[in-house]
There are 2 protein chains.
Amino acid sequence: MLIGELARQTGCEVETIRYYEREGLLSAPQRSSSGYRRYTAEQLGELNFILHCRSLGMSLADIRNLAAFKADHDHDCEDINLLIDQQIAKVHQQVEALRLLEQQLLALRDKCHESHAAADCGILQTLVEAAEGAPCVCHTPFGQDNHGHSQDYDHTAKKNGRSNKDRP
Amino acid sequence: MLIGELARQTGCEVETIRYYEREGLLSAPQRSSSGYRRYTAEQLGELNFILHCRSLGMSLADIRNLAAFKADHDHDCEDINLLIDQQIAKVHQQVEALRLLEQQLLALRDKCHESHAAADCGILQTLVEAAEGAPCVCHTPFGQDNHGHSQDYDHTAKKNGRSNKDRP
DNA sequence: CTTGACCCTGTAGTGACTACAGGGTGTGCA
DNA sequence: TGCACACCCTGTAGTCACTACAGGGTCAAG
């Protein structure tokens, strides 16, 4: 089948499918004489595997590793277990951080019940006073020793800059 | 104070401070004759405001809006409340999605208790069979009608491609 | 004068996509 | 046969919030 049909069957964007191929995640299909990609049922399964793992929040690198483990029948599955364990731990940490964040936001939200001018808004006042060093409801009630700016919300994927990849 | 001192006092990276200035989030400071940035205490407060909001998971765009509301004393705080409400709803959704994901991963993890060769690994078998259309423990026990690939894990910030920004 | 810490601008990269430019292919209809 | 439209292709660039680096300048202490 053509890439559009594969996209329809899997719910995955055409451009994402090409991206996965470029990233070496999905095997390159045969081409027609006009250069169109022609996918087999096996490759449909391949993509479904990838999408399934994506739906479980795994990174592309992890999925690549899993696929390698799958291809190597003699590989001990200890590594697979470890990979899933690490993913579970990561997600668990995210759940905890987000639940804390939710509580913090609700506490902040509670500072303003009615419509005011911005100058009188409890939310804004809290944020401004916190910026000036005052304690705030979004952070104080949880017994933290510091304001915890850098620990409160662990952004999902802290982006690093350049690697040495393809370095001249 | 110089940018390095500001970074030390706030726990924010020098490069991130410059980035916030470039993005128009933080006001540009005065410069010394050598071109070094010189920050005031007021700008320290400005940055703390930004960091505080970041710690609450707000996007830079939202923080920009909040700062604009703050500067406009006559602005009704209804928009501020709405912004915080939207943030609460977003975080809540993320919590729910991640909790579901955690359960899914635990169910999958439960398919393999001992060390096997990869060919016999319950986790891998589950993933492979799911890719072939079979029901799986990570998705089935929650009564979902479909495999839910595109809804299971809502990635934090789905990146869109090009906007028309700076379009010639 | 040298050294090391710090400063600057501009550019490029991270991860997982997503959009677009510019061009080619295939099919159905007038 | 020509046209219109849907689809295909490659290559490039952008999203978001950073993060890293190249190449060069400044400052202070030894």
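Chain naming here is simple, since letters A, B, ... match the order of the sequence lines and numbering starts at 1 in each.
Salt-bridge formation is detected for the pair A:Glu5/A:Arg8: a Lys NZ or Arg NE/NH1/NH2 atom is positioned less than 4.0 Å from an Asp or Glu carboxylate oxygen. Salt bridge status for B:Arg18 with B:Glu13: absent, with no side-chain N to carboxylate O gap under 4.0 Å.
Residues B:Arg22 and B:Gly4 each lie close to DNA chain C; by heavy-atom proximity, the contact nearer the 5' end of the strand is made by B:Gly4. Taking for each of B:Ser34 and B:Ser59 the nucleotide of DNA chain D with the nearest heavy atom, the 5'-most of the two is the partner of B:Ser59.
As a whole-Å value, the separation of A:Glu21 CD from D:dT10 P is 7 Å. Computed from coordinates, the A:Ile17 CD1 to C:dA16 C1' distance equals 15 Å when rounded to whole Å. A straight line from CZ of A:Arg38 to P of C:dT25 spans 14 Å, rounded to a whole angstrom. The distance from atom CZ of A:Arg18 to atom P of D:dA13 is 18 Å, rounded to the nearest whole Å. Between the OH atom of B:Tyr19 and the C1' atom of D:dA20 there is a distance of 15 Å, given to the nearest Å. Between B:Gln30 atom CD and C:dC7 atom C1' there is a gap of 17 Å when expressed in whole angstrom units. Note: CD1 (B:Ile63) to P (D:dC16) measures 14 Å, nearest angstrom. Between the CG atom of A:Leu47 and the P atom of C:dA16 there is a distance of 16 Å, rounded to whole Å.
B:Thr16 has a side-chain polar atom (N or O) that falls below the 4.0 Å cut-off from OP1 or OP2 of D:dT19. Look at A:Arg54 and you'll find a side-chain N or O under 4.0 angstrom from OP1 or OP2 of C:dC17. When the side-chain nitrogen and oxygen atoms of A:Arg31 are compared with OP1 and OP2 of D:dT10, one or more of them lie within a distance under 4.0 Å.
Considering only the side chain of B:Tyr20, D:dC18 comes nearest among D:dC18, C:dT18, C:dC7. Listed nucleotides C:dG24, D:dA20, D:dA17 differ in distance to A:Tyr36; the shortest reach to its side chain belongs to C:dG24. Checking C:dT9, D:dC7, D:dC18 against every side-chain atom of B:Arg37, the shortest atom distance belongs to C:dT9.
Among residues two or more places apart in sequence or in another chain, the side chain to side chain contact (heavy atoms under 4.5 Å, CB included) test is passed with B:Ala61 by B:Ser59, B:Arg64.
Residue A:Leu2 is found in a hydrophobic cluster whose other members, listed by chain and number, are A:Tyr36; membership requires side-chain heavy atoms under 4.5 Å apart, directly or through intermediates.
Side-chain N or O atoms of B:Gln87 include none that pairs as donor or acceptor with a backbone N or O of A:Leu105 at under 3.5 Å.
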